[in-house]
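Okay, structure first, notes after.
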Number of protein chains: 2
Amino acid sequence: MAENGFELETFLPYRLNRAAEFVALRFAAQYKARFQLTRPEWRTLAALGSSGRSMTATEIGAHSSMHKTKVSRAVFSLEQRRWLKREEDGRDRRFEHLALTPAGEQAYKELTELAKRYQAELLSTLGADDMEALATGLRAVERAMKKSVAGE
Amino acid sequence: MAENGFELETFLPYRLNRAAEFVALRFAAQYKARFQLTRPEWRTLAALGSSGRSMTATEIGAHSSMHKTKVSRAVFSLEQRRWLKREEDGRDRRFEHLALTPAGEQAYKELTELAKRYQAELLSTLGADDMEALATGLRAVERAMKKSVAGE
DNA sequence: TCATATTAGTTACAATCGTAACTATTGATT
DNA sequence: AATCAATAGTTACGATTGTAACTAATATGA
């Protein structure tokens with residue numbers, strides 16, 4: 001009941017979390033079954049694959065909202081599979097430039113097919129209008145994310 | 001780059017996850033600092049507090065998209081704090097009806113004040129229009145969640 | 001130049017998590 | 001009634017996680 005004007009049903013962190021969890025689980029089952037990939041591994045692979053260039057671990061973390069230790073471990077395990085290679089930066093050797101190998105790109109490509117199918121499924125259950133609204137709202141959150149990386 | 005028509009920047013699971021993580025972290029820092037609450041504990045407390053009635057652990061899990069072991073552990077620790085009490089169902093003793101104690105309600109009320117402040121902050125950084133769009137989109141996902149509980 | 005601060009990334013360790021197996025109870029089928 | 005299936009919730013255990021401390025490299029600035 002409305003004790004004091006707060007309604008959980010309108011509270012963004014709660015709603016976003018449960019929606020994210022719900023939407024992620026079905027898809028996770030697919031890439032886990034196909035490639036034995038964990039969620040951080042898929043997210044790392046996706047960040048690299050979609051950027052089409054090399055990225056540092058820190059960039060991947062910022063792009064995916066993953067903790068740096070999560071990224072570090074995902075990078076390690078993708079490297080073990082030879083889906084990713086590291087190259088150290090010549091000017092500043094603290095940086096490692098990470099890029100997919102051909103095998104990694106191939107796997108990514110295959111995963112994008114699953115993803116496209118899943119996205120189409122979502123589109124049809126949510127409806128185009130609500131999907132569009134969701135995209136608009138998420139874009140705003142993403143803007144806020146970029147700002148908060150820049151500032152503070 | 002756009003290898004085959006898939007764009008990670010439009011892929012819902014990825015976007016929802018990173019937005020949820022981003023938005024949740026700042027708020028989690030607050031309830032952790034104030035009450036030493038974990039995320040599952042806050043979510044369980046919130047589900048109960050906002051419903052204003054008793055719920056079973058399964059209902060809480062469905063409402064919050066939390067795994068049943070997460071709920072089970074959160075319920076246990078809230079019970080330890082005397083913020084929640086269990087009552088067994090007379091007709092079917094598999095069910096436990098969970099409800100907040102007065103102390104639990106008091107804590108919930110205090111947390112809703114933090115939540116309201118945080119929500120206001122979000123509203124001002126996202127803007128009213130985009131916030132509204134996000135709410136519309138999330139509502140659609142929530143409808144899909146309810147259906148998938150009903151079916152299959 | 002030397003000390004101090006900052007940043008990228010890794011890792012030890014304790015805490016948390018999910019899978020699968022479990023107990024307990026009820027429902028369904030014969 | 002007796003069996004078998006289904007459901008609510010818990011728990012053992014191995015896997016995954018985040019915190020904090022660490023290494024290594026670079027930047028800052030007296």
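Per chain, numbering begins at 1; letters A, B, ... match sequence-line order. Quantities reported herein were computed from a predicted structural model and do not represent experimental measurements.
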Between P on D:dT7 and CD on B:E88, what's the gap in Å once rounded to a whole number? 21 Å
Check this for me: does any side-chain nitrogen of one of A:R18 and B:E142 sit under 4.0 Å from a carboxylate oxygen of the other? yes
Each nucleotide of nucleotides 11-17 of chain C classed B (base within 4.0 Å of a protein heavy atom), S (only sugar-phosphate) or -, in 5' to 3' order, makes BBB---B
Are A:V141 and B:L25 connected in a single hydrophobic cluster, I mean Ile/Leu/Val/Met/Phe/Trp/Tyr linked by side-chain heavy atoms less than 4.5 Å apart? no
The side-chain contact (heavy atoms from CB on, under 4.5 Å) partners of B:T125 (sequence neighbours excluded) come to none
Atom CD of B:Q80 to atom C1' of D:dT10: distance rounded to whole Å? 14 Å
Distance check needed: C:dA8 P versus A:L98 CG, whole Å only. 13 Å
Rounded to whole Å, how long is the line connecting atom CE of B:M55 with atom P of D:dA8? 14 Å
D:dT16, OP1 or OP2 - any side-chain N/O from A:H67 closer than 4.0 Å? no
Tell me whether the OP1 or OP2 atom of D:dT7 has a side-chain N or O from B:T58 closer than 4.0 Å. no
Pair listing, salt bridge (Lys or Arg N to Asp or Glu O under 4.0 Å) test, anchored in residues 29-44 of chain B, at least two apart: B:E21-B:R39, B:R34-B:E110
Looking only at the side chains, is there a donor atom on one of B:T112 and A:N4 sitting less than 3.5 Å from an acceptor on the other? yes
Can you name the side-chain contact (heavy atoms from CB on, under 4.5 Å) partners of B:D89, sequence neighbours left out? B:R91, B:D92, B:F95, B:H97
Just the rounded figure in Å: distance from P of D:dA6 to CZ of B:F95. 16 Å
Could you tell me, to 10°, how much the axis swings from one end of the helix from C:dT1-D:dA30 to C:dT30-D:dA1 to the other, five pairs per end? 20°
Salt-bridge present (A:E79, A:R86; N to O < 4.0 Å): yes
Protein and nucleotides 25-27 of chain D: nitrogen or oxygen contacts under 3.5 angstrom:
residue : atom : partner : partner atom : Å
D:dT26  : OP1  : A:R91   : O            : 3.4
D:dT26  : OP1  : A:R93   : N            : 3.2

Taking the side chain as every heavy atom from C-beta outward, state whether B:N17 and A:M66 have any pair of such atoms under 4.5 Å apart. no
Where do A:A19 and B:L138 come nearest, in terms of heavy atoms and distance? CB-CD2, 3.8 Å
Name the residue closer to the 5' end of DNA chain C, choosing between A:E59 and A:E21 according to the nucleotide with the nearest heavy atom. A:E59
Distance check needed: C:dT19 C1' versus A:Q36 CD, whole Å only. 14 Å
If you define the side chain from C-beta out and look only at heavy atoms, does anything of B:Y108 sit under 4.5 Å from B:W83? no
I need the minimum non-hydrogen distance between B:V71 and B:G61, along with the two atoms involved. CG2-CA, 3.8 Å
Within this structure, what is the CG-to-P distance between A:L37 and D:dA15, rounded to whole angstrom? 18 Å
